[in-house]
Amino acid sequence: MYRNTNCGELSVASASQTVTLAGWVQKRRDLGGVIFIDLRDRSGIIQVVFNPSVSKEAWSKADKVRSEYCLSVTGEVMKRAEEAINPKVKNGDIEVMISDIQVLNTSKTPPFPIEDTIDASEDVRLKYRYLDLRRPEMLNIFKLRSKVTRTLRRFLDDREFLDIETPILTKSTPEGARDYLVPSRVHPGEFYALPQSPQLFKQLLMASGMEKYYQIARCFRDEDLRADRQPEFTQVDIEMSFFEVDKFQAMIEEMLVNLMKEIKGIDIPRPFQRLTYAQAMDLYGSDKPDTRFDLKLIDLTDIAADSTLKVFKEVQERGGQVKALNVKGKASHFSRKQVDEDLKAVVTPYGAKGLAWLKVEENAMKGPIAKFFDEDLTARLRERLNAEAGDLLLFVADKKKIVADSLGALRLHLGKTLGLIDESAFNFLWITEFPLLAYSEEEHRYLAEHHPFTMPFLEDMDKIESDPGSVRAQSYDMVLNGFELGSGSERICNHAMQEKMFKVLGFSEERAEQQFGFLMQAFEYGTPPHGGMALGIDRIVMLLAGCSSLRDTIAFPKTASASDVLTHAPSEVSDAQLNELHLDVATLLK
RNA sequence: GGGUCCGUGGUGUAGUGGUUAACAUGCCUGCCUGUCACGCAGGAGAUCGGCGGUUCAAGUCCGCUCGGACCCGCCA
């Protein structure tokens with residue numbers, strides 16, 4: 001027997017029991033005569049004691065033991081003497097007097113200590129991920145993650161959603177992210193793709209009469225990584241037939257409220273806040289705004305156009321915008337240099353050519369652009385911006401997209417650095433009425449903003465030919481604290497409508513047939529109206545666990561260059577393997 | 001594809017172009033029967049990511065390259 005009790009379960013109530021524990025050596029303290037070992041398992045840490053007067057044999061074995069040795073020990077749980085109690089530790093009033101010890105495995109000295117606050121770089125942690133994951137902090141994230149999926153499953157099971165698996169080896173489709181490809185041995189020159197999401201299959205399951213489907217699904221996208229983006233990630237994917245958007249969204253809200261209650265013990269009020277895409281872009285410069293703080297974007301295009309500042313006037317003439325942030329009471333917080341260098345640096349990557357500013361004083365505004373606003377205009381600025389003495393006003397004038405992106409990013413930067421964000425808050429937010437299509441400068445055509453199967457607003461359909469960009473989609477995103485948790489939509493289930501969509505997207509009839517014919521055919525056999533959404537599990541866990549990187553929520557994540565420093569994937573393969581797959585990579589290896 | 005930052009004993013850091021690369025921690029050895037950040041004494045451990053260049057002299061300056069972090073593009 002390796003063990004009959006977990007370290008963390010022991011308390012004074014266990015005193016005088018004989019127990020067998022198994023775990024790892026957290027710390028060994030050798031006082032010459034007596035040896036103390038902090039023994040750690042998944043449940044916690046307990047001090048075990050080796051005294052030669054109890055067992056000379058156990059004591060001399062313990063003398064050889066080092067950090068992270070894997071042990072099984074047997075002994076009597078003892079209440080400690082008053083003066084030996086350690087009040088800093090949960091079970092510091094007891095210890096186990098060991099009579100027998102078995103070394104299950106030895107350990108090299110670990111590259112970093114197995115404890116919560118470590119200073120090892122993430123690089124080293126990932127290389128020794130199995131040691132990193134021993135740290136209680138990491139263990140707790142994966143306990144939480146497991147509870148998240150369990151809670152979601154239970155909720156959906158209770159509502160008679162069926163957990164159905166869909167293929168991992170699937171068909172490459174042209175729209176959307178870059179596919180991970182898997183060469184076919186049996187079909188020379190042909191490839192499977194790993195799914196970017198189970199989208200097509202879940203719609204086919206609706207055509208199949210499954211009515212309610214969910215899956216904790218792995219998704220793959222071969223795009224560049226970010227702190228909140230991994231090449232493979234997990235979604236809870238949900239789809240239902242006889243879909244009605246308000247009922248469905250209400251259920252998703254219930255699901256998330258239930259999740260927050262179970263995981264964090266927090267009651268999230270319903271209904272969730274809602275913004276249309278247009279509102280979100282206008283007020284926050286983002287389609288995933290962090291609404292835990294205010295600091296909204298304020299449109300000043302009309303006032304700015306009346307000023308004598310040339311760039312402001314020109315922007316209006318070209319159909320651009322001038323917008324501003326009013327950073328309340330922070331005029332003295334930023335020096336001229338800090339605004340011109342630090343804050344401007346936030347805004348330039350998004351294409352903003354400059355960051356104009358004004359400091360509001362009792363009877364005037366100070367700053368490089370102050371002279372372009374006469375008394376009347378200054379008064380209008382004051383009113384529009386609700387400006388008071390001590391406020392810092394920050395302006396960007398440019399094309400709509402640049403203004404939104406740059407001020408949106410600046411807003412977030414200020415929120416973080418000025419401590420405006422209530423870190424304990426969980427602000428769930430629906431973003432609705434996304435544009436159906438977005439024009440791609442690169443491809444010189446419209447692309448689906450969500451995906452090509454999204455139902456448009458029928459009342460907008462008269463503009464689908466004349467002004468495709470203005471057509472709204474029956475789609476919605478769930479945003480939490482500035483992160484996109486997931487998105488969904490009502491789907492097209494009608495053959496003619498789907499055909500029209502592909503046409504608008506610039507697909508030839510043949511190409512639509514070749515790529516998506518199977519789905520279009522399914523629509524001809526009584527496919528019910530349906531819709532759904534998918535929520536990113538990794539991001540949910542990241543936010544609930546308070547991690548700053550998605551990597552902390554994934555047991556074996558990839559680095560920013562999509563490689564795995566533990567297994568060294570990706571790696572070269574043998575010529576024999578390549579030959580079998582009819583592949584030749586020689587030209588790439590110059 | 002582009003930008004910014006980082007790379008020095010196991011780990012984390014310091015290090016004006018100039019002797020034997022410093023500090024903390026960890027590790028090893030010895031001593032120690034109530035420690036829990038145990039203590040005390042001693043010791044080992046670095047081709048300063050790699051290659052090339054400048055220089056009498058490079059951890060330090062320059063170029064390239066590899067690896068990592070963050071961001072832009074990209075991510076239906």
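Only this structure's heavy atoms are used, side chains among them; waters, hydrogens and symmetry mates stay out. Residue numbering restarts at 1 for every chain, and letters A, B, ... go by the order of the sequence lines.
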In terms of ring plane angle, is the pair [X] and [Y] parallel, tilted or perpendicular, where the classes change at 30° and 60°?
X: A:Y128; Y: A:Y130; answer: perpendicular
X: A:Y180; Y: A:F220; answer: perpendicular
X: A:F507; Y: A:F502; answer: tilted

Look at the side-chain N and O atoms of A:R551 and state whether any lies under 4.0 Å from the OP1 or OP2 oxygen of B:C70.
-> yes

Worksheet item: Within the pair A:S563 and B:G68, is there a side-chain N or O less than 4.0 Å away from OP1 or OP2?
Response: yes

Side-chain atoms of A:P349 come closest, of B:U33, B:C72, B:A69, to B:C72

Winner on side-chain proximity to A:S67, out of B:C70, B:G73, B:C27, is B:C27

Practice problem: Could you tell me whether A:R445 and A:E443 make a salt bridge, using a distance below 4.0 angstrom between a side-chain N and a carboxylate O? | Solution: yes

Could you check whether A:E68 pairs with A:R40 (Lys NZ or Arg NE/NH1/NH2 to Asp/Glu carboxylate O, under 4.0 Å)?
yes

Determine, step by step, whether A:Y284 and A:D290 satisfy the side chain to side chain donor-acceptor pair (under 3.5 Å) criterion, reporting the C-alpha distance in whole Å, the side-chain angles of both residues, the deciding distance to 0.1 Å, and the verdict.
CA-CA 8 Å; A:Y284 299 99; A:D290 189 339; over 6 Å; no

Mind checking who [N] pairs with, Watson-Crick or G-U wobble, both distances under 3.5 Å?
N: B:C48; answer: none
N: B:A21; answer: none
N: B:G67; answer: B:C6

All N/O pairs under 3.5 Å across the protein-nucleotides 36-46 of chain B interface:
residue: B:C36; atom: O4'; partner: A:R29; partner atom: NE; Å: 3.1
residue: B:C36; atom: O2; partner: A:Q47; partner atom: OE1; Å: 3.4
residue: B:C36; atom: O2; partner: A:N86; partner atom: ND2; Å: 3.3
residue: B:C36; atom: N3; partner: A:R80; partner atom: NH1; Å: 2.8
residue: B:C36; atom: N4; partner: A:R80; partner atom: NH1; Å: 3.2
residue: B:C36; atom: N4; partner: A:A84; partner atom: O; Å: 2.5
residue: B:A37; atom: OP1; partner: A:K88; partner atom: NZ; Å: 3.3
residue: B:C38; atom: OP1; partner: A:K27; partner atom: NZ; Å: 2.8
residue: B:C38; atom: N4; partner: A:D30; partner atom: O; Å: 2.3

A correct 5'-to-3' footprint of nucleotides 2-12 of chain B, with B, S and - meaning base, sugar-phosphate only and no protein heavy atom under 4.0 Å, is --------SSS

Kindly say whether, by distance alone, the side chain of A:E95 makes a donor-acceptor pair under 3.5 Å with the base of B:G34?
yes

Return yes if the base of B:C74 and the side-chain atoms of A:R221 contain a donor-acceptor N/O pair under 3.5 Å, otherwise no. no

Rounded to whole Å, CD1 of A:I402 lies from C1' of B:G73 at a distance of 13 Å

Sequence neighbours excluded, the answer for side-chain hydrogen bond (donor to acceptor under 3.5 Å, both in side chains) partners of A:K401 is A:D405

